[in-house]
Engineer: 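Can you keep this structure in mind? I'll have questions shortly.
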Amino acid sequence: MNSEVLTVVAPGKLMLFGEHAVIYGHPCIVSALDKYIEIKGKIIDERDDKFDIADYSDSFIRRMISVFRRKYGKKEKIFISSKSTLGRYGLGSSAAISVATVKMLGKLFNIPLSKKKLFNISYEGVLKVQKGKASGFDLASSIYGGTILFDGKTKKTVYLSKGKLPFLTVFTGRKSKTVDMVKKVAQEKLKNPKMTEKILSEIGKIALRAERALKEKKWEVVGKLMNDNQKLLVGLGVSNGVIDKLVKISLDSGGLGAKISGAGGGDCIIVLTDRIATDKIKTNIEKAGGIVLDINVGIGEGVKAI
Ligand code: MEV
């Protein structure tokens, strides 16, 4: 057991390809960001756990602690505090805080946790909080860092790169709830099973094509695949007027591709850009009410104790 105060950091994420389809077992591509959750933790001699968590609900932390305690038979109480540079833009703070908490518990109790174990414990916790509706891609991103291909069925993770990718991240100005959007797609799948399954499987195929194009740095191809993916997300019913407008402005201003990143309905879109178009895209997006975030995509490092 470790009696010191320990610090763990875990990155946020952005989905590049494959949102929604990954829940139904298809592959997706996700990048870790250079924005992090930082937690400090300590074993305390108290009757209850204690938290000082600015901005976030403690439900994920509590659940991680209870899964870990049950698995490793630990009873000692924990204090955890957190701070974040992720903001409230839907950039994976719940996943980052979940992964950071499990990593912290391993360190506090001197239990070595492989990446796979970290994933399994945090995924069990997240499934409980979100009532079975989560693919776990965001946990994998926070654990591994860089840009990864994540298989929704096997939960296997493959590194694609660790370098910075040329995406702009744009907050649409609207908050969205992932659970609501996931429910919406599930309802659509009940109403129109054939069409929805076809869309989901097309999205999965695009993710695999994008894997290759990203590895080969074929940006024109990546952009085209993003636009194809976005059309399919519109077909799933997870886009809206604000997103459609920002996507169109990005492409009209010289973006190579633009799409929802994540559940849709709000939060962020990503735009693939080159050096020449970037300033024009930024100006036009901000004129239309979008907020270009100061974020580097793909260079986030996986969870670590510091
Ligand atoms: C949300 O960022 C992405 C979804 O596919 C949900 C998930 O995979 O858990 C909509």
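Atoms within each ligand, like the ligands themselves, are counted from 1 in listed order. Residue numbers start at 1 and run along the sequence shown. All values below were derived from every heavy atom in this structure, side-chain atoms included, with hydrogens, water molecules and symmetry-related copies excluded.
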Engineer: Tell me, which protein residue and heavy-atom name are nearest atom 1 (C) of ligand 1, and how many Å apart are they?
Structural biologist: A263 N, 3.6 Å
Engineer: Report, in ascending order of atom number, the atoms of ligand 1 lying under 4.0 Å from any heavy atom of E19.
Structural biologist: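 By the 4.0 Å cutoff, the relevant atoms are 5 (O).
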Engineer: Write out the residue and atom name of the closest protein heavy atom to atom 3 (C) of ligand 1, then the distance separating them to 0.1 Å.
Structural biologist: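 Scanning the protein heavy atoms, the shortest distance from atom 3 (C) of ligand 1 goes to F137 CE2, 3.6 Å.
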Engineer: Tell me which protein heavy atom sits closest to atom 6 (C) of ligand 1, plus the residue, atom name and distance to 0.1 Å.
Structural biologist: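 The closest one turns out to be I23 CD1, 3.6 Å.
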Engineer: Which residue and atom name correspond to the protein heavy atom nearest atom 5 (O) of ligand 1, and how close is it?
Structural biologist: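 Of every protein heavy atom, H20 N, 2.9 Å lies nearest to atom 5 (O) of ligand 1.
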Engineer: With sequence neighbours left out, which residue pairs that include part of residues 17-28 fulfil the side-chain hydrogen bond (donor to acceptor under 3.5 Å, both in side chains) condition?
Structural biologist: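 Checked against side-chain hydrogen bond (donor to acceptor under 3.5 Å, both in side chains) - neighbours excluded - the pairs reaching residues 17-28 are E19-K259.
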Engineer: Which value, rounded to the nearest 0.5 Å, describes the distance between K50 atom NZ and I80 atom CD1?
Structural biologist: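 The distance works out to 13.5 Å.
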Engineer: Which heavy atom of the protein is the closest neighbour of atom 9 (O) of ligand 1, given with residue, atom name and distance?
Structural biologist: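 Result for atom 9 (O) of ligand 1: S135 N, 3.1 Å.
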Engineer: Give the atom numbers and elements of ligand 1 that come within less than 4.0 Å of a heavy atom of A134.
Structural biologist: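 Under 4.0 Å from A134, ligand 1 has these atoms: 9 (O).
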Engineer: With a cut-off of 4.0 Å, which atoms of ligand 1 are near a heavy atom of V22?
Structural biologist: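 Reading through ligand 1 atom by atom, the close ones are 5 (O), 8 (O).
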Engineer: Going by the closest heavy atom to atom 2 (O) of ligand 1, which one wins out of A21, G152, G262?
Structural biologist: G262
Engineer: Ignoring hydrogens and angles, state whether a donor on the side chain of S98 or S122 is under 3.5 Å from an acceptor on the partner side chain.
Structural biologist: no
Engineer: T172 side chain to D267 main-chain N or O, any donor-acceptor pair under 3.5 Å?
Structural biologist: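 Between the backbone of D267 and the side chain of T172 there is a qualifying donor-acceptor contact (under 3.5 Å).
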Engineer: With respect to E124, which candidate in K155, R70, K117 satisfies the salt bridge (charged side-chain N to carboxylate O under 4.0 Å, His left out) definition?
Structural biologist: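 With E124 as partner, salt bridge (charged side-chain N to carboxylate O under 4.0 Å, His left out) holds for just one option, R70.
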Engineer: Checking side-chain contact (heavy atoms from CB on, under 4.5 Å) between F79 and each of D52, D49, V5, which is the one that passes?
Structural biologist: D52
Engineer: Which of parallel (below 30°), tilted (30 to 60°) and perpendicular (above 60°) describes F171 and Y89?
Structural biologist: perpendicular
